[in-house]
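Contents: one structure, followed by commentary.
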2 protein chains.
Amino acid sequence: MQLDNRKKEVLHAIVDDYVSTNEPVGSKSLIERHSFNVSSATLRNDMAELEHLGLIEKPHTSAGRIPSDKGYREYVNSLMTIEALSPREQLEIEKRIDSSVDEVTDLIKNATHTLSETTGFVSLAMSPRLKKSFLKQLKILMIEPGKALVVMVLSAGVVKDKVVRIPNFLNDEQIMKISGAIEKHLTGKPLDEITLVTVESAGKNADVPEPLLKQVLYEAYAAIKQADELNIYLEGEHRMLSLPDFSSLGRARDLLGTLSDSGMVAGYVNEMENAAREAGSDDSYMIRIGQEITLEGLDDCSFITATYNLTDSVSGNIGVIGPKRMLYSKVISQIDFVKKKLNEEMRRFI
Amino acid sequence: MQLDNRKKEVLHAIVDDYVSTNEPVGSKSLIERHSFNVSSATLRNDMAELEHLGLIEKPHTSAGRIPSDKGYREYVNSLMTIEALSPREQLEIEKRIDSSVDEVTDLIKNATHTLSETTGFVSLAMSPRLKKSFLKQLKILMIEPGKALVVMVLSAGVVKDKVVRIPNFLNDEQIMKISGAIEKHLTGKPLDEITLVTVESAGKNADVPEPLLKQVLYEAYAAIKQADELNIYLEGEHRMLSLPDFSSLGRARDLLGTLSDSGMVAGYVNEMENAAREAGSDDSYMIRIGQEITLEGLDDCSFITATYNLTDSVSGNIGVIGPKRMLYSKVISQIDFVKKKLNEEMRRFI
DNA sequence: GTTGGCACTCATAGAGTGAGAGTGCTAATC
DNA sequence: GATTAGCACTCTCACTCTATGAGTGCCAAC
C-alpha cells in the first residue's frame, strides 16, 4: 500500500478518533483535533483517495468516515505503535494473577479472568496442546467392580483422569498388572505417538486373560486420547452488552449465540493457530479483524490471540474478542503482558 | 385470598393471555378470547377489584392489565393445573439425555443442556451436596518430589482429585503409608464428619516422622473439604436475548451481568434450598417470582428449581431461570421430567 | 498541490395529529 | 345487589412534516 505520509497520518487520525468517539469523523473535526497544517478541503481530497483505496467508508452520504476492515488492517500492520503498559497497569495485572494455585488449569482460568477484567472484553484461553507432552505416570485404580479410574501425569505437569468401565470379573491385582505394564512401556512417549496398537502391545506383557485385557486396554487408550483434547475457557461474554458497538439487540444476540458454542470458537482458534504456523508467522500475536473472522455474528469484532508456552513443545493460546473499534495497541500490550506473566507462573509446573 | 370463582377465572385468563401475547389484556379482548357469560363491563368491575387486591396492574391509564408478582404467585399457588408432557415431548427429552457418560458430573451437565434446549431459557444445576456421602477410597499418588495427587472415591459414585504440595523429602513409600492410614480410618465416614482432627488422628498410625506427616495430613484434609464444595452449571444465558421481555438492552445487561457471577447464583440457589427445607416444604419444586428474587437484575425473571437425588442423602438442584411471563405449568413439567430422567440415570452410579 | 466557497445530501430530533384500545363512571335493568 | 349499555376521557403509538446541522463533492482561484 503506497500512501504518502500525510495520508498515513490521516488514516491514523481517523482510526484514533473513531475508536475514542464512536462517531464517524469528518474533515472539519479532524482539523480541530489534530495539527495538520492544511485545510479541511485538502483533507477531504485525501479522504476521498483513502475511500477510493477501500481503507475508509461512509455510513451514508452526509456523514463522516469510519475505517473499513481493510483500514483497520493497514492501521494494525503499519501505522500503530505498541507501547508497554505503565507500571501501574502492570501492577494491576500482577495483583490479579494468583500465584498460589496448584494446577495449571486453574492458572489458565485465572489468567483468562484477569484478561477479561483488564480489557473489558471477552477473553479466552485454550488449554495447552498436549500432543507433544509425554506420559510420566499412568495408574489405573479400581473403583468398584466394573469401574476404574485412569490417572495420567503428563510431562507438562498436567494431571488428567477419566472414569472407565471395565469387565466386572477383573480384580484389583489384575488391574494393577495391566496398569504397570502400560506404564512401563509408555512412560516417556509423547501422547501423539501413542496409538491403540502401542497400548495393546504394551498390555501384552501383563499376565491377564486376553478377552478381559482387551477392553481395559481400549479404555486406557481412550482415556489417553481424551487427555489431549482441547478445552476452551471463555469469559466475560456479558461485557459485550455494555459496548455501544452492540447496542443493537440483534447483533448482540448473534454474537453471544455464537460465543455460546464454545466448541466452535475453539475450532476457530485452532484454525487460526494452524494458519499462522503454516504462514511461518513470527509475530507474537495473531489478529483477525471483522469480516476476516469466519464465525457468524463476529463481523463487528476483532480477535486477538497470543501463544503461551508451558514447555518448549507444549503451548496454548490466550486472547480476547472485542469490538473491531478497539484500542489495538493497548489491548495487544495487555494480552502480551498477561501472557508473559502466565509464562512465568507456568515455570513452576514443569 | 378469598376470590369468587369468576374472579379466579378472570385472573387465570389474564395470566394466560398475557403470557401468550405479551400484550396487556383488556376487558374486551378477554370477552373475545374466553367464554365468560357476562359483559365486558362486568369484567371491568372484577378487574378493578383484582387491581385493588394487588393481583394485576396497569402499565398506564389506557392500557389493559398485566399480572403483578403477587398475581403470578396466586396463579402458581392456586390456579394453574400442571399437565404431564405429551409422549412426543417426553421422547424429545429422552433422546437428548445421554446415557453413555461415565461420570455423574457429565450427566448433570448433559441434563442442564437438555433443559435449556427444551425450555428455551437459562438452565442451571448444582453439583450434588456431598456432605452426607462417605469416603469409599482415598489414595495419594506421588507425582514428583514435592507434589502429589489426592484421589477420592465417594459413596455416591463421584470421583474427586486435587493436586497438593508435599514436603520434598517424602518418598513414595512414606506417601503410601500415610495414604493407607488415612484410608483405613476414614473409609465409611460421611464427609461432614471428617475434620482436621479426624484426619490427624488417622494419620498417627502411619510410621512417618511427625513434621513431614503433618503437612500431608493437612493437605489431605483440604482436598477432602474441597471435594464437597458446590459447583454450579449455568447454560443458555444468550437465550434471554431472544425474549421480548429483555428487548431493552439495559435489562439484558443487568441480567447477564448477574448471571456471569456464577458463585452468587449458586449461593442464592443454596439459600432457596435451605429456606424450603426449613419451611418443611414438600413440594417437588421451588419457585421464586420477580421481586421475590433477591438477585439484582432478575426482577423480570422467575426462578424454578427441583431437587434431584443421587442417593437418599445426596441431592442437588436443577432448574431454570426464565422470564416471569412464562408458561409455568409447561416449564414445571419439563423440569420435573428432566429431573425424573436424571434420577433414573443416576441409579447407574450408586 | 492547496484552498475557500457553495450547493447538495441525508440522518436525526421534535412537534403535531389521528386512530385505537381501554378505562371508570353513571344510570338503567334484571 | 349484580349486571349491563353507554359515553366521556386518557394515553400510547404510528405517522407525517419540518428544521437543523454536520458533512460531502466539486469548481474556480491561488
Side-chain angles (χ1 to χ4, degrees), chain A residues 2-11 13-18 20-68 71 244-245 247-248, chain B residues 2-11 13-18 20-68 71 244-245 247-248:
Chain A
Q2 71 288 45
L3 290 177
D4 64 43
N5 275 338
R6 199 185 54 224
K7 291 208 185 69
K8 280 184 187 166
E9 279 170 37
V10 172
L11 179 57
I14 290 175
V15 173
D16 283 351
D17 284 12
Y18 183 60
S20 63
T21 65
N22 194 26
E23 303 278 316
V25 339
S27 53
K28 205 170 156 192
S29 74
L30 220 38
I31 293 284
E32 277 166 16
R33 291 163 143 270
H34 302 83
S35 44
F36 291 104
N37 293 318
V38 293
S39 76
S40 65
T42 308
L43 293 194
R44 277 206 288 284
N45 292 333
D46 289 351
M47 286 161 84
E49 179 73 7
L50 289 171
E51 185 174 3
H52 190 69
L53 291 168
L55 296 167
I56 56 179
E57 52 200 23
K58 287 184 285 207
H60 55 86
T61 338
S62 74
R65 305 301 214 292
I66 63 175
S68 65
D245 308 74
S247 60
S248 131
Chain B
Q2 71 287 47
L3 289 176
D4 64 42
N5 275 339
R6 199 184 54 222
K7 290 206 184 70
K8 280 184 187 167
E9 277 170 38
V10 172
L11 179 56
I14 290 176
V15 173
D16 281 351
D17 284 13
Y18 183 60
S20 66
T21 64
N22 193 25
E23 304 276 318
V25 338
S27 53
K28 204 170 158 194
S29 74
L30 221 38
I31 293 283
E32 278 166 15
R33 291 163 145 270
H34 302 84
S35 43
F36 291 103
N37 292 319
V38 292
S39 77
S40 64
T42 309
L43 292 194
R44 278 204 288 283
N45 292 333
D46 289 350
M47 286 161 83
E49 177 74 8
L50 289 172
E51 185 175 4
H52 191 68
L53 291 169
L55 295 167
I56 57 179
E57 52 200 25
K58 286 186 286 208
H60 56 85
T61 338
S62 73
R65 306 301 215 291
I66 62 175
S68 65
D245 309 74
S247 61
S248 131

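Computation of the quantities below employed the complete heavy-atom set of this structure, encompassing side-chain atoms and omitting hydrogens, waters and symmetry-equivalent molecules.
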Would you mind reading off the distance between [X] atom [atom1] and [N] atom [atom2], rounded to a whole angstrom?
X     : N      : atom1 : atom2 : result
A/N45 : C/dT3  : CG    : P     : 10 Å
A/E49 : C/dT2  : CD    : P     : 12 Å
B/F36 : D/dT4  : CZ    : C1'   : 17 Å
A/E23 : C/dT12 : CD    : P     : 10 Å
B/I56 : C/dT23 : CD1   : C1'   : 12 Å
A/E57 : D/dT24 : CD    : C1'   : 16 Å
B/N37 : D/dA2  : CG    : P     : 18 Å
B/L30 : C/dA21 : CG    : C1'   : 14 Å

Spatial distance of atom [atom1] ([X]) from atom [atom2] ([Y]) [nearest 0.5 Å]:
X     : Y     : atom1 : atom2 : result
A/H34 : A/L43 : NE2   : CG    : 10.5 Å
B/I66 : B/I56 : CD1   : CD1   : 10.0 Å
B/R6  : B/L11 : CZ    : CG    : 13.5 Å
B/E32 : B/S27 : CD    : OG    : 10.0 Å

| said: Tell me whether A/E57 is salt-bridged to A/R65, with the criterion being a basic N under 4.0 Å from an acidic carboxylate O. | reply: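 Salt bridge absent between A/E57 and A/R65.
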| message | Taking 4.0 Å as the cut-off, does a side-chain nitrogen or oxygen of A/R6 come that near to OP1 or OP2 on C/dT2? | response |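 For A/R6, the contact criterion (side-chain N or O under 4.0 Å from OP1 or OP2 of C/dT2) is met.
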| request: Please work out if A/S40 contacts a base, only the sugar-phosphate, or nothing of the nucleic acid, heavy-atom cut-off 4.0 Å. | output: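 Contact class for A/S40: none.
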| task | Would you classify A/A63 as touching base, sugar-phosphate or nothing, given that sugar-phosphate means primed atoms plus P, OP1 and OP2, and contacts are heavy atoms under 4.0 Å? | result |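 Sugar-phosphate, backbone atoms only, no base.
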Of all the nucleotides listed ([options]), which has the minimum atom distance to the side chain of [X]?
X     : options                : answer
B/T61 : D/dT24, D/dC11, D/dG25 : D/dC11
A/E51 : D/dG25, C/dG4, C/dC10  : D/dG25
B/S29 : C/dG22, D/dG25, C/dT23 : C/dG22
B/K58 : C/dA11, D/dG25, C/dG24 : C/dG24
B/V38 : D/dT4, C/dT3, C/dT23   : D/dT4
B/S39 : C/dG24, D/dT4, D/dC26  : D/dT4
A/H60 : C/dA11, C/dG22, D/dT24 : C/dA11

| message | Pick the closest DNA chain D nucleotide for B/D46 and for B/S62 by heavy atoms, then say which residue is nearer the 5' end. | response |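 Mapping each residue to its closest nucleotide by heavy atoms, the 5'-most match is B/D46.
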| Donor-acceptor pair under 3.5 Å, A/R44 side chain vs C/dG1 base |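 Absent.
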